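Remarks on the structure that follows.
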Amino acid sequence: MAAEYPGSVRAARRGDLQQLVDLRMRFLGETAHEEPRLRLLPDARQRTEQALPVWMGQDDRVLLVAETPAEGDEEHGELVGYAMGFLNVWPPVFQSQHVGEIAECYIAESSRGKGLGGALVKLLTEVLLGRGATVLRAAVPVTNPGARAQLDAAGYAPLQFVMERRLNAL
Amino acid sequence: MEGVPIRNARRGDIPSLLLLWQAMMKELSDMDARFAPHPRAREHMANELAKWLQDPNRHVVVAEEGGRLLIGFASAVKSPGNGWQIPSQVARITDCYVIGPRRRNGVGRRLAGRLLDVLYEDGIDTVRLSVAAKDPGAHAFWSSMGWDNLEEILEKDVEPS
């Protein structure tokens with residue numbers, strides 16, 4: 001992968017945890033800014049710090065990072081993005097049971113437009129297919145047309161709308 | 001049709017609920033083949049419906065015509081949120097169905113309304129549901145009751161043809 005993209009994408013490692021927490025909070029923060037109905041709970045950072053090490057140890061979950069070389073340090077790059085997905089094996093309701101879910105994909109603003117997001121999704125897809133996914137799914141907030149357009153271009157088609165209603169107006 | 005009673009489902013309703021669920025699935029899969037039921041879906045759902053009626057986090061309501069015929073049902077389940085985004089607790093309407101000949105008489109609205117009333121009494125303030133992208137009628141139904149799009153779920157088939 002390193003030769004194909006300006007940075008590289010690889011599986012996340014324990015040593016990435018702190019940078020991953022920061023990236024994920026930026027991802028969640030940007031999502032909340034675009035869609036206030038998905039704003040953060042006060043302890044979101046603490047919960048992310050607790051969850052990420054657990055996720056890294058789960059066989060059904062895939063956590064990848066995008067890295068650019070740090071100046072003067074060939075071995076230790078700077079993390080500029082990440083992607084997370086998992087293989088969901090649904091009960092026998094619909095024919096498609098082995099669903100690869102692309103849950104999160106984020107590239108820091110300064111590193112966008114260089115193909116790193118596409119590289120993350122490509123590798124994530126390969127890993128999920130290798131684990132037996134027969135369909136891939138991704139949920140995008142309706143306030144993020146950019147992410148929607150990228151999925152369109154990658155061959156994804158609309159399946160469902162998630163709708164919401166607040167009950168305080170009842 | 002205003003008089004069709006809405007009540008909580010009972011154990012004896014399971015055979016009728018299963019028939020309604022199968023009819024709902026058939027309509028859905030006729031509309032979009034990606035929702036084709038699994039060969040073991042009926043057997044699985046028969047077991048699930050029995051569990052639903054015992055689950056304290058699940059509500060199932062039915063519309064009963066003439067004191068004996070179920071013409072629709074709706075169900076919702078409460079669960080914690082994802083832990084980092086609001087809400088901290090959310091409910092999902094998982095099913096809402098009225099048989100074709102009894103539609104456009106307000107039964108679906110009353111089923112959904114009953115669920116929302118119960119969820120509100122439970123302290124829930126956010127309710128979500130999923131609507132098939134190829135079902136504009138269902139989307140219009142929920143939109144007319146004040147529901148808004150939050151997310152879109154996209155899918156890519158990767159099974160070798």
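Computed from a prediction, not measured in an experiment: that's the story for all the values here. Residue numbering restarts at 1 for every chain, and letters A, B, ... go by the order of the sequence lines. Worth knowing before you read on, the calculation uses all heavy atoms, side chains too, and leaves out hydrogens, waters and symmetry mates.
Counting heavy-atom pairs closer than 4.5 Å to chain A, the top-ranked of the candidates B:Asp32, B:Asp135, B:Asn149, B:Val90 is B:Asn149. Between chain B and the residues A:Ala44, A:Pro91, A:Ala157, A:Ser96, the largest count of heavy-atom pairs under 4.5 Å involves A:Ala157. Between chain B and the options A:Gly100, A:Pro141, A:Ala51, heavy-atom pairs under 4.5 Å are most frequent for A:Pro141. Ranked by heavy-atom pairs shorter than 4.5 Å toward chain A, the options B:Ala41, B:Ala132, B:Gly83 are led by B:Gly83. Between chain B and the options A:Thr143, A:Val140, A:Asp152, A:Leu40, heavy-atom pairs under 4.5 Å are most frequent for A:Val140. Chosen from B:Ile86, B:Asn82, B:Ile93, the residue pairing most often with chain A at heavy-atom distances under 4.5 Å is B:Ile86.
With respect to the salt-bridge test (charged N to carboxylate O, under 4.0 angstrom), the residues A:Glu49 and A:Arg47 do not qualify. Ionic pairing of A:Asp22 and A:Arg45 is present here: one or more N-O contacts between side-chain nitrogen and carboxylate oxygen are shorter than 4.0 angstrom.
Remark: B:His139 pairs with A:Phe161 by the ring-ring contact (aromatic ring centres under 6.0 Å, His included) rule, at least two apart or across chains. Every residue two or more places apart in sequence or in another chain that forms a ring-ring contact (aromatic ring centres under 6.0 Å, His included) with A:Trp55 is listed here: B:Trp84. B:Leu19 pairs by the side chain to side chain contact (heavy atoms under 4.5 Å, CB included) definition with B:Gln22, not counting sequence neighbours.
Residue A:Leu151 touches chain B through its side chain alone, counting heavy-atom pairs closer than 4.5 Å. For a residue to count as touching a neighbouring chain, one of its non-hydrogen atoms must lie under 4.5 Å from one of that chain's; by this rule A:Gln97 touches chain B with the side chain only. For chain A, the nearby part of B:Leu28 is the side chain; its heavy atoms alone come within less than 4.5 Å. Only the side chain of A:Leu129 has a heavy atom closer than 4.5 Å to any heavy atom of chain B. For chain A, no part of B:Ser29 is nearby; none of its heavy atoms comes within less than 4.5 Å.
In B:Arg42, the CZ atom is not crowded: 12 or fewer heavy atoms of neighbouring residues, nucleotides or ligands sit closer than 6.0 Å.
Defined by atom type and a distance below 3.5 Å, a donor-acceptor pair is present between the side-chain atoms of B:Tyr97 and B:Glu27.
Interface residues of residues 23-32 of chain A toward chain B, defined by a heavy-atom distance below 4.5 Å and sorted by number: A:Arg24, A:Leu28, A:Thr31.
A heavy-atom distance below 4.5 Å is found between the side chains of B:Met45 and B:Trp52. Two residues are said to be in side-chain contact when any heavy atoms from C-beta on lie closer than 4.5 Å; B:Leu17 and B:Val62 meet this criterion.
For the pair B:Leu119 and B:His59, the tightest heavy-atom approach, listed with the atom from each and the gap, is CD2-CD2, 3.9 Å.
Between the A:Asn144 side chain and the A:Ala147 main chain, a donor and an acceptor come within less than 3.5 Å of each other.
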